[in-house]
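To keep things clear, I will list the structure first and then write my remarks on it.
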Amino acid sequence: MISQEDEAWMREAIAVARSKGSHPSTSPLGCVIVRDGVVIAAERNQTHELPDATAHAEMMAIRRACEGIGDLELRGATLYSTLQPCGMCTMASIWSKVGRVVYGAGRDDVHPMYFEARHVDTLSFIADAYRDDITIEGGCLAADCATLYYGPDADLPEAEQANL
């Protein structure tokens, strides 16, 4: 269940997403990882800046959190993401043993280009994963998060669509 505390942390993730611009073309995706009421990592999507196709906000935050605590396991931590995590970030959440993932905008809130072209449902993947100690909750400030991205019906040239 989404709490007021979750909404406060999601607002932090939104601020991180907007840190280098808030136009959808800048890939403003933000992620905050919190454990015991303390932010242990806060990162934005950095795929173009690095350039690195794996530098999604969640991946970068997981890397920073693990480096910061000196451990590859993030048990007891909650990962807040402004957008439903992709397959890669979902697997990283599973492997790093994040206890909970809370996301804002979901698949139906944004343009289809933000998700795997064949519509892989990462939420079902997590439900079927070998870990049963991870919780996924979506829709936290979904409308606010969705404003960061192109809308579901945006008419975008194919060259500007990320997953094609």
Side-chain angles (χ1 to χ4, degrees), residues 1-34 39 41-65 78-94 96 98 100-129 134-164:
M1 174 165 268
I2 303 295
S3 69
Q4 287 183 335
E5 184 177 347
D6 291 328
E7 290 180 358
W9 292 123
M10 187 60 72
R11 283 188 189 86
E12 291 267 337
I14 291 169
V16 169
R18 290 184 174 145
S19 66
K20 290 187 180 174
S22 58
H23 190 274
S25 65
T26 66
S27 299
L29 200 144
C31 179
V32 174
I33 300 178
V34 177
V39 173
E43 294 288 339
R44 134 181 243 294
N45 207 35
Q46 299 170 49
T47 53
H48 295 292
E49 295 92 337
L50 289 181
D52 178 352
T54 69
H56 291 194
E58 300 95 333
M59 297 292 289
M60 298 302 293
I62 288 169
R63 289 175 188 149
R64 297 300 167 257
T78 299
L79 181 149
Y80 294 90
S81 179
T82 56
L83 185 62
Q84 180 181 330
C86 72
M88 174 181 65
C89 295
T90 297
M91 282 305 300
S93 297
I94 291 170
S96 65
V98 166
R100 186 168 171 247
V101 174
V102 177
Y103 67 87
R107 181 181 296 276
D108 296 332
D109 301 319
V110 298
H111 195 276
M113 75 171 180
Y114 294 107
F115 294 94
E116 288 80 359
R118 298 196 188 271
H119 305 290
V120 172
D121 183 359
T122 57
L123 300 180
S124 292
F125 182 81
I126 291 170
D128 294 337
I134 187 170
T135 303
I136 309 295
E137 299 187 62
C140 182
L141 300 180
D144 294 339
C145 290
T147 64
L148 296 166
Y149 311 104
Y150 290 110
D153 300 322
D155 185 21
L156 300 171
E158 212 172 281
E160 291 182 32
Q161 294 188 37
N163 276 332
L164 297 181

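Across Met10 and Ser81, no two heavy atoms sit closer than the pair CE-O, 3.4 Å. For Ala92 against Met59, the heavy-atom pair with the smallest separation is CB-SD, 3.4 Å. Between Ala105 and Val110, the closest heavy-atom pair is CB-CG1, 4.0 Å. The shortest heavy-atom contact between Ala41 and Ala61 is CB-O, 3.2 Å. For the pair Arg100 and Val98, the tightest heavy-atom approach, listed with the atom from each and the gap, is O-CG1, 3.1 Å.
Remark: Ile2 CD1 to Leu141 CG distance equals 8.5 Å, nearest 0.5 Å. To the nearest 0.5 Å, atoms CE (Met60) and CG (Leu50) are separated by 5.5 Å. For the atom pair CD of Glu58 and CE of Met91, the computed distance is 14.5 Å after rounding to the nearest 0.5 Å. How far SG of Cys145 is from CD of Gln84: 12.0 Å, rounded to the nearest 0.5 Å. Taken from OG in Ser96 to CD1 in Ile33, the straight-line distance is 6.5 Å, to the nearest 0.5 Å.
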- [ ] Take Tyr80 and Glu7, measure what side-chain contact (heavy atoms from CB on, under 4.5 Å) needs, and give me the verdict at the end.
- [x] CA-CA 10 Å; Tyr80 294 90; Glu7 290 180 358; over 6 Å; no
TODO: Determine, stepwise, if the pair Val16 / Cys31 fulfils side-chain contact (heavy atoms from CB on, under 4.5 Å).
DONE: CA-CA 7 Å; Val16 169; Cys31 179; over 6 Å; no
Open item on the list: Pair Asp109, Tyr149 - check side-chain contact (heavy atoms from CB on, under 4.5 Å), show working.
Closed with: CA-CA 9 Å; Asp109 301 319; Tyr149 311 104; over 6 Å; no
Open item on the list: What verdict does the side-chain contact (heavy atoms from CB on, under 4.5 Å) test give for Leu148 and Leu29, after you've listed the backbone C-alpha separation in whole Å, the side-chain angles of each residue and the deciding distance to 0.1 Å?
Closed with: CA-CA 8 Å; Leu148 296 166; Leu29 200 144; over 6 Å; no
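Using a distance-only test at 3.5 Å, with no hydrogens or angles considered, a donor-acceptor pair links the side chain of Ser3 to the main chain of Asp6. Thr82 places a side-chain N or O within donor-acceptor distance of the main-chain N or O of Gly30, the cut-off being under 3.5 Å.
Each of Val102, Ile62, Val34 was evaluated against Leu79; a single residue qualifies, Ile62, per the side-chain contact (heavy atoms from CB on, under 4.5 Å) test. Of the options Lys20, Arg44, Arg18, a side-chain contact (heavy atoms from CB on, under 4.5 Å) to Pro28 is made by Arg44 and by none of the others.
Counting heavy atoms from C-beta on, the side chains of Gln46 and Asp52 never come closer than 4.5 Å.
Ring geometry for His23 against Tyr150 counts as perpendicular: the plane angle is over 60°, on a 0 to 90° scale with 30° as the lower cut.
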